[in-house]
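Computed from a predicted structure; not experimentally measured.
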There are 2 protein chains.
Amino acid sequence: MDKLAAVKSVMFFDGLPEEKFNKLPDISIVKKYRKGETLFVADVLANGFFAPIKGRVKIFRTSPSGKEQILHVFGPGEAFGEVPVFEGGTFPANGQAIEPCEALFFPRRDFKNMIKEDPDLAMKMMAMLSQKLRILVNKIDDLSLKETPARVASYLLLLRSSQDSDTFKLDLPKGQIAFYLGTIQETLSRIFKRFTEQGIIALNGNEITILDMDQLKDIADEGR
Amino acid sequence: MDKLAAVKSVMFFDGLPEEKFNKLPDISIVKKYRKGETLFVADVLANGFFAPIKGRVKIFRTSPSGKEQILHVFGPGEAFGEVPVFEGGTFPANGQAIEPCEALFFPRRDFKNMIKEDPDLAMKMMAMLSQKLRILVNKIDDLSLKETPARVASYLLLLRSSQDSDTFKLDLPKGQIAFYLGTIQETLSRIFKRFTEQGIIALNGNEITILDMDQLKDIADEGR
DNA sequence: CGAGAGCCATGACTTAGGTCAATTTATCAA
DNA sequence: TTGATAAATTGACCTAAGTCATGGCTCTCG
């Protein structure tokens, strides 16, 4: 994939006038990462803005004791790393490739200039930041007000909503899903088991089938 | 306080050129709320941007079973409610006055225009959004990776850092602090008791004294 | 002043979910 | 294919923290 095509695949730049668009490849750099490689570390000086064009990246924090909380997983078309561009200069969390990965990287300075000169791009950026705020508020709500089975059910419903069938594959290894949901493998495994025994889902490896959508929805909003 | 003075007290507008500044009172409305009054409700159409000039407002979500999670408490000089201006049109959480409160309200449309025409204001807005993202990421980290005593200790250290003495008053009723920390009154009460027994703090009503700063810091980063 | 309302403390009890450890099952490179 | 490494399951156990219930204290308002 050439750089211009790569830039085109980034949702964030959609609708940008041609002449601005053509500048983007010049101010960006293609970076490659292998599976498990670190893109950046929390609290160290970074000057971000990444847009993956292949593979996915997880954004996460870890506790001193090693437990991990995944905040988000970003794939092609999405973008991340804006925070240090505008404030603080450091990234609030860690970024690591969970798959072999290629990403466009926009150095802080040039990108900041560009956004300063283009009100539409600025408005898009504010929308993106706002959307991420909304997502994090929901995550806090989930973590502090819902119990784990409800979070698991919501997650399955979310996956389902971007599929065309009640049978689909989990998008991450189970251990990673657990970290995304603020829990651990063992707990997730037990919840899957219980859902299976109750005839709500069927699970075969990483392929899952939703058998009782209504009950799953009930559980997702805490209906027990 | 007249409107111009009120606008001046909002940090967010700091450094704005005179002529833009003078437009602000025209596009804003002063709203008053009594203690406990609701400013807005999550998920209903809002077109926000509030800047309190007197009193504080809590931003929170509640679970179906009634438990509350406070996301933030905003007071004079700060601003909130930007999310629906740029994205979605609804507020992600509820806002309620915890004290008699006066706030400037900037209707979406005018404010959006203003920000579109002023790159510096836009940059400030992006910085503010980024900062809030950072705060929420930290909150998620706290909620999912730390246990309650560590969160309590961090909270006390945070309060201390904006005071000039090791003795100071809690800024909220204890029940509200509990909700801010993602727990409940009883648990907080027990933790305060334990800290007191261990000689880490002394508590008298809502006046607290930090007796052993080192130990408090240890607990804050999970040192147990 | 006295009655009610809110706030806080504390005890008894329950439970969700984490830890540890032992196996089983996949995955993948050689 | 096989051996090795990682991922997932499952059981036994433990504990942080939530629920429920009671009682005291403080403040306000009639």
Rounded to whole angstrom units, what separation is found between the [atom1] atom of [X] and the [atom2] atom of [N]?
X         : N       : atom1 : atom2 : answer
Ile208(B) : dC8(C)  : CD1   : P     : 13 Å
Asn204(B) : dC25(D) : CG    : C1'   : 13 Å
Leu181(A) : dG18(C) : CG    : P     : 11 Å
Lys35(A)  : dA6(D)  : NZ    : P     : 10 Å
Arg194(B) : dT15(D) : CZ    : P     : 13 Å
Arg190(A) : dC20(C) : CZ    : C1'   : 11 Å
Phe179(A) : dA8(D)  : CZ    : C1'   : 13 Å
Gln185(B) : dA17(D) : CD    : P     : 17 Å

Can you tell whether the side chains of Lys58(A) and Glu68(A) come within less than 4.0 Å, N to carboxylate O?
yes
Salt bridge or not for Lys169(B) and Glu207(B), using N-O below 4.0 Å?
yes
Using the benzene-type ring in the case of Trp, are the ring centres of Phe12(B) and Phe106(B) under 6.0 Å apart?
no
Under 6.0 Å between ring centres: does that hold for Tyr155(B) and Tyr180(B)?
yes
If you only use heavy atoms from C-beta on, which nucleotide in [options] is closest to the side chain of [X]?
X         : options                   : result
Lys193(B) : dT10(D), dT10(C), dG18(D) : dT10(C)
Glu186(B) : dG17(C), dA21(C), dT10(C) : dT10(C)
Pro149(A) : dC8(C), dA17(D), dG17(C)  : dG17(C)
Ile184(A) : dG18(C), dT19(D), dC8(C)  : dG18(C)
Lys174(A) : dA8(D), dC8(C), dG18(C)   : dA8(D)

Please check the phosphate of [N] (OP1 and OP2 only) for any side-chain N or O of [X] closer than 4.0 Å.
X         : N       : answer
Thr187(A) : dG17(C) : no
Ser189(A) : dA8(D)  : no
Thr183(B) : dA17(D) : no

For residues Leu129(B) and Lys132(A), determine if any side-chain heavy atom of one lies less than 4.5 Å from a side-chain heavy atom of the other.
no
